[in-house]
Amino acid sequence: MGHSHALGGALVFAGAGPFLLPSLIGRPLSPGEVLLGTLLSAGAALLPDADHPDGTVAHLLGPVTRLLCRAVGKISGGHRHATHSLLFAAAATAGAALGVARLGRPFVLGLVLLLLFLALRALHLPAPGPGPAAWTTAAGLAALGAAATDRWLPGTGGWLPYAVGLGVLAHLLGDFLTRQGVPLFWPLRRRYEVVLIRRSGNGVETRLLVPLMTVATFVLLWFGAFSASLPTF
Ligand SMILES: [Zn+2]
């Protein structure tokens, strides 16, 4: 499921980011920022499943993150509880904004590093699988991405919290479309769902949805990042 959640995060940012964020931050995003935001949102789309000991977040640093995710699951009331609510989306956005405001650049680059790493692992880029080579490659690329952000995209902190929020919302939307639903208005218990996808990881998802979402993301990126209406960076 990590793979389609990450794709969903990328798709939502590529579709909404270039049009929504300029009105929130008072300037258009550069093509580089749209590309980075798409990857960061893909990474942030994995955060709600930090309540599950077997998700991409849990596998980040082996037993350390597995224990951490088990703790998150316990505190938030189990899988698909508190971390699958609009309140969590707001809290994650506000938390990122607070971190940017209080801690500045080190926080921005640390969060970029973490989200890029998560996105690369979940999107199976550049190398899939559990081996140390794949892990190291993704970590190295994420570090390069954070360094490039520091060097060429100094305004990232201004919109980073919104990329986090959009990624989390994309995750909620994804789970909303599968069985079990999500408690959108947690702490209210009612779960909401519109079951379009019967079971996660089934044939329809992998054979139809994943390619469709991938193509849609690239098409949206093309219009969002490279259309003439946006300035180049
Ligand atoms: Zn979930």
Side-chain angles (χ1 to χ4, degrees), residues 1-16 38-61 65-96 111 114-124 128 130 161-206 208-210 212-214 216-217:
M1 263 326 265
H3 184 72
S4 32
H5 275 309
L7 259 180
L11 178 62
V12 165
F13 188 93
T38 299
L39 282 171
L40 295 179
S41 179
L46 302 164
L47 294 178
D49 278 351
D51 65 1
H52 196 288
D54 206 26
T56 310
V57 181
H59 286 139
L60 189 66
L61 292 173
T65 36
R66 224 173 357 243
L67 272 176
L68 206 69
C69 287
R70 203 157 278 160
V72 170
K74 217 156 231 170
I75 294 164
S76 65
H79 185 42
R80 285 204 188 188
H81 280 80
T83 59
H84 286 65
S85 65
L86 293 174
L87 192 64
F88 179 77
T93 312
L111 191 55
L114 170 73
L115 295 179
L116 274 183
F117 178 73
L118 283 176
L120 291 173
R121 293 294 287 146
L123 292 170
H124 304 161
Y162 300 113
V164 171
L166 282 175
V168 172
L169 285 177
H171 183 111
L172 300 187
L173 182 67
D175 279 353
F176 173 74
L177 298 177
T178 57
R179 205 162 275 178
Q180 278 189 53
V182 278
L184 276 184
F185 299 103
W186 184 93
L188 297 181
R189 281 181 178 199
R190 194 175 159 195
R191 303 178 90 83
Y192 297 83
E193 62 174 13
V194 173
V195 181
L196 290 186
I197 306 153
R198 287 272 174 79
R199 211 156 44 82
S200 31
N202 69 1
V204 177
E205 180 188 304
T206 42
L208 192 72
L209 276 180
V210 166
L212 256 179
M213 285 161 79
T214 309
T217 302

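Note: hydrogens, waters and symmetry copies are ignored here, and every other heavy atom, side chains too, is used. Read the numbers this way: they start at 1 and go in the same order the structure lists the ligands and their atoms. What you see is a predicted model, and the numbers here were worked out from it, not measured in a lab.
Between Ala44 and Ala163 the shortest heavy-atom distance is CB-O, 4.2 Å. Scanning both residues, Leu11 and Ala216, for their nearest heavy atoms gives CD1-CB, 3.6 Å.
For the atom pair CG of Leu87 and CZ of Phe185, the computed distance is 11.0 Å after rounding to the nearest 0.5 Å. To the nearest 0.5 Å, atom CG of residue Asp49 and atom CG of residue Asp51 are 6.0 Å apart.
Between Arg80 and Asp175, at least one side-chain N (NZ, or NE/NH1/NH2) sits under 4.0 Å from a carboxylate O, which counts as a salt bridge.
Taking the ring-ring contact (aromatic ring centres under 6.0 Å, His included) definition, one finds that His84 meets it with His79, His171, sequence neighbours left out.
Protein N/O/S atoms closer than 2.8 Å to the Zn ion (ligand 1), listed by chain and residue number, are Asp49 OD1, His84 NE2, His171 NE2, Asp175 OD2.
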